[in-house]
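Notes follow the structure.
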Amino acid sequence: MSHGFRLSGHRNCPTPTAQSPENRQIRASDANNSKELPSETNGGRYDAVSMIGGNEESLPTDGTATAPDGEQHTGSGLQAERARRSAQIDDIRAAGGEPYPYRFDRSDSLSEIRSRHSDLKAGSDTDDRVSVAGRVMLARDSGKLIFLNIRDRSDEIQLFVSKAVIGDDGFANVKSLDLGDWVGVTGNIMTTRKGELSVRVTECQLLSKAVRPLPDKWHGLSDVDTRFRQRYADLIVNDDARRHFEIRHAIISSFRQTLAGEGFIEVETPVLHVEAGGAHARPFVTHHNTLDMQLYLRIALELHLKRLIVGGMERVFEIGRIFRNEGISTRHNPEFTMMELYQAFADWTDVMDITERLITNAARDAIGSTMLSIRDENVDLADPWPRIQMIDAASEAIGTEIHPSMPRDALTDIATKNDVRVAPQWLPGKIIEAIFEAHCEADIVRPTFITGHPVDISPLSRVHRNDPCLTERFELFVDGRELANGYSELNDPVEQRARFEDEQSAKEAGDLERGTVDEDYLRALEYGMPPTGGLGIGMDRVAMLIAGVDSIREVVLFPTLRPEVMTDES
RNA sequence: GCGCCUCUAGCUCAAUGGCAGAGCAGCGGGCUUUUAACCCGUUGGUUCAGGGUUCGACCCCCUGGGGGCGCACCA
């Protein structure tokens, strides 16, 4: 850690400056900012020179800076830049200022100001005095006039800083701001000659000093590794990154609204499971110390939620993180967010309907339209979504009729002729699914329900009322990706036990993703579960669809990555 | 896990076997209506790491590491 910076005196209490008279002044002005006092708007409480407390103590002007560790740094480079800014912090403190004040009274968000003054003509002045806060994103210095662009969560605005208005000391302090610093300013709304909406700054307070420089102001951050590892920097400089997560938020919010409107109750069920059931996937294993027992992170929400249907809750849903110990790709993150719902007295057709409503509403709420462009095809989510049987799609793709009632050997032959490798333990339904995945899945562009999955790959689904080899199950595919999975829920405890036992023997035969017999779940079913429709939607993939991105990492804030090797230069 | 691609200044990118460069950011100077401001000057490099080939390596080869994409895995 030869280049490690330690700000002196800030690890101990009291700090060396805590006893100084200047510091007591700062404390007093902090009190002026505190919530307990009557909150008058503005009122000149922000000293125009509060950054260095009125003292004309100036920064080194020869381009060198002394880091707190005493090492001299010249020129640029990350370490030199951090040293220069750290030295600025020390100077502010030495002059009795506070580079990291406690709070700031903001009168408006930037978007509020922008909408209030949307019709202001070029070259206008107003009586609208505001206090706004944001991060300095751009700066243009023309001698006795400085233009800064600051940004808050809602928007950006220009600060118009005139030496004649703010005074020499205040002007020098604004000049010493770096891109990335947070500031709070007070002033009147105006427009420049070119019509740019601005705040004519009379007071400027540093709210937080950035010690590390921002990525390129124009190109932003494009190195994907850095973007994901330093998501904070990505969010600061990349508009798209912020937009993707706004969309994600709007989608989840929209789902909650749609579900609340249809009488669903949001619940939370355990993440730590004794048995990881409800899906075919390899789980993460963990351990509880006091109970001294092995636990699994959940791979699905299903079995707990259906226990609640047994309990009579009728309509429940959960939006929660699930974990699957499998490969990572543009479509898979080891932890991801699933929405599952269960509705008593409904069957799979009701569930397909609500799937369309949820996703169409989400698009409308998140991007204001149901029109999407998928692989250069214009898709209106509001159009009805086709419903195609899996066996029909697969049969058509290979030009041969297939059905799970056919002898396994015949299906194996057909699969092999169509370049699908068949594993020895696969049952007929699994072979059909493999043919579908190899020959149909990737070609599906617009939202399409694939229905009627074979019984042997659907241990929790109810048998199709018209075909004993199939189930009343569907999966939703869009752009070659599976987004949702739902079915008429199997509620016969005797049949469910038989299906679980088939799962267990497959697992014991070496198929690690298969399930086990969940005795407590069977006990629940014995109390009687009403006819029920259930649904699971991968929220990350819905967000990918609506945001129009090809990688799940664009809609997961902190995707799973290998640990970074930290160096002095990081 | 396998294959292909990639890693150069804080950021974005050049340099294809012959002196490691530019723009932005930074630093110094100028400019009172700019807006990716502009103008003049200027600092900054373990070219991911280690090894090899060569008179000479960012460049070619080997090993390792990070990342991306594809495959595999993944109802």
Side-chain angles (χ1 to χ4, degrees), chain A residues 59-65 73-85 122-123 137-149 156 158-165 171 178-180 190-196 198 200 212-230 233 237 278-282 299-300 324-332 334 336 390 421 429-430 433-434 436-437 441 450 453-454 456-461 471 473-475 481-482 484-485 487 512-515 536 550-551 553 561-565 567-570:
Chain A
L59 296 171
T61 55
D62 58 358
T64 68
H73 295 277
T74 58
S76 82
L78 179 59
Q79 296 305 338
E81 181 64 10
R82 291 172 70 207
R84 186 186 65 77
R85 298 188 185 204
M137 299 305 296
L138 284 174
R140 296 170 297 283
D141 173 356
S142 67
K144 298 184 178 64
L145 205 54
I146 297 172
F147 299 91
L148 298 176
N149 288 27
E156 289 197 37
Q158 176 169 276
L159 304 182
F160 180 101
V161 184
S162 161
K163 195 171 192 174
V165 171
F171 195 77
D178 286 296
L179 301 187
M190 57 164 280
T191 50
T192 61
R193 282 176 201 161
K194 295 268 174 62
E196 181 76 31
S198 308
R200 188 189 298 277
R212 187 178 283 262
L214 249 35
D216 191 278
K217 69 180 181 185
W218 182 246
H219 299 97
L221 194 57
S222 65
D223 183 82
V224 279
D225 185 27
T226 310
R227 285 187 50 228
F228 299 150
R229 289 190 192 283
Q230 300 186 34
V237 297
H280 284 159
R282 291 161 73 174
I299 58 172
R324 296 187 181 177
N325 204 342
E326 287 154 359
I328 296 177
S329 77
T330 49
R331 295 172 291 284
H332 301 84
F336 61 103
M390 178 183 280
R421 272 179 305 154
K430 176 70 184 169
E433 185 191 37
F436 168 79
E437 286 175 352
E441 194 175 301
I450 296 299
H453 296 55
D456 62 80
I457 55 165
S458 311
L460 298 162
S461 309
T471 59
R473 176 182 170 191
F474 68 87
E475 289 178 305
R481 290 188 285 262
E482 180 198 341
N485 180 26
Y487 30 89
L512 295 177
E513 281 108 40
R514 301 297 281 272
D550 291 326
S551 170
R553 296 183 192 90
L561 299 170
R562 285 196 169 80
E564 182 180 8
V565 179
T567 67
D568 277 1
E569 305 299 322
S570 301

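All chains are named by letter (A, B, ...) in the order of the sequence lines, taking the proteins before the strands, and each is independently numbered beginning at 1.
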- Task: Between B:rU12, B:rC69, B:rA36, spot the one nearest the side chain of A:Trp218, thanks.
- Result: B:rA36

- Item | Nucleotide nearest A:Val224 when distance is taken to its side chain, options B:rC74, B:rC11, B:rG67 | B:rG67

- Task: Mind checking A:Arg514 for me? I need base, sugar-phosphate or nothing, with any heavy atom below 4.0 Å counting as a touch.
- Result: nothing

- Message: Both A:Lys144 and A:Lys430 contact RNA chain B. Taking the nearest nucleotide for each, which residue is further toward the 5' end?
- Response: A:Lys144

- Query: So which nucleotide from B:rG26, B:rU12, B:rC31 ends up closest to the side chain of A:His219?
  - Reply: B:rU12

- Please confirm whether A:Tyr487 and A:Phe474 have ring centers closer than 6.0 angstrom. no

- So what does A:Arg473 hit on the nucleic acid, given a heavy-atom distance under 4.0 Å: a base, only sugar-phosphate, or nothing? base

- Message: For the residue pair A:His453 / A:Glu475, report whether a side-chain donor-acceptor contact shorter than 3.5 Å exists.
- Response: yes

- Classify the nucleic acid contact of A:Lys194 as base, sugar-phosphate or nothing, counting any heavy atom under 4.0 Å across all strands shown. base

- Task: Just compare B:rU33, B:rA36, B:rC11 and give me whichever is closest to any side-chain atom of A:Leu138.
- Result: B:rA36

- Just call it for A:Ala279: base, sugar-phosphate, or nothing, with non-hydrogen atoms closer than 4.0 Å on any strand. base

- Out of B:rC69, B:rU34, B:rG67, which nucleotide sits closest to the side chain of A:Glu196? B:rU34

- Message: Applying a 4.0 Å non-hydrogen cut-off, can you work out what A:Thr226 is touching in the nucleic acid: base, sugar-phosphate, or nothing?
- Response: nothing

- For A:Arg282, does the CZ atom have more than 12 heavy-atom neighbours from other residues, nucleotides or ligands under 6.0 Å away? no

- Task: Just name whichever nucleotide pairs with B:rU8, Watson-Crick or G-U, keeping both distances under 3.5 Å, else none.
- Result: none

- Kindly point out which of B:rC73, B:rG26, B:rU33 is positioned nearest to the side chain of A:Leu145? B:rU33

- Task: Give a yes or no on whether a donor-acceptor pair under 3.5 Å exists between the nucleobase atoms of B:rG26, that is its base, and the side chain of A:Asp178.
- Result: no

- Note on the structure: Scanning all shown strands, the Watson-Crick or wobble mate of B:rC55 with both distances under 3.5 Å is B:rG18

- Query: What is the distance from CZ of A:Arg212 to C1' of B:rA25, rounded to the nearest Å?
  - Reply: 14 Å

- Message: Counting the atoms with a prime plus P, OP1 and OP2 as sugar-phosphate, which does A:Ser142 contact under 4.0 Å by heavy atoms, base, sugar-phosphate, or nothing?
- Response: base

- Message: Taking any heavy-atom pair under 4.0 Å as a contact, classify A:Ile457: base, sugar-phosphate, or nothing.
- Response: base

- Message: Keeping A:Thr191 on the side-chain end and A:Gly123 on the backbone end, is there a donor-acceptor pair under 3.5 Å?
- Response: yes

- Message: Mind checking if A:Gly195 touches a base, just sugar-phosphate, or nothing, with heavy atoms under 4.0 Å?
- Response: nothing

- Note on the structure: Of B:rA36, B:rG68, B:rC69, the nucleotide closest to the side chain of A:Lys217 is B:rA36

- Query: Nearest to the side chain of A:Asp141 - B:rU35, B:rC74, B:rC31?
  - Reply: B:rC31

- Task: Could you tell me whether a side-chain N or O of A:Asp456 sits under 3.5 Å from a main-chain N or O of A:Gly429, the two making a donor and an acceptor?
- Result: yes

- Note on the structure: Judged by nearest nucleotide, the residue sitting upstream toward the 5' end of RNA chain B, A:Ala139 or A:Ser222, is A:Ser222

- Item | Selected nucleotide, minimal atom distance to A:Gln158 side chain, candidates B:rU35, B:rG26, B:rG70 | B:rU35

- Message: Nearest to the A:Asp225 side chain among B:rG67, B:rU12, B:rA37, which nucleotide is it?
- Response: B:rG67

- Rounded to whole Å, the CZ-P distance (A:Arg193 to B:rU33) equals 5 Å

- Separation between CE (A:Met390) and CD (A:Glu441), nearest 0.5 Å, reads 8.5 Å

- Using a 4.0 Å heavy-atom cut-off across all strands, classify A:Glu433 as base, sugar-phosphate, or nothing. sugar-phosphate

- With heavy atoms under 4.0 Å as the rule, sort A:Gly220 into base, sugar-phosphate or nothing. sugar-phosphate

- Message: Students often get this wrong, so: under 4.0 angstrom with heavy atoms, is A:Ala233 touching a base, only sugar-phosphate, or nothing?
- Response: nothing

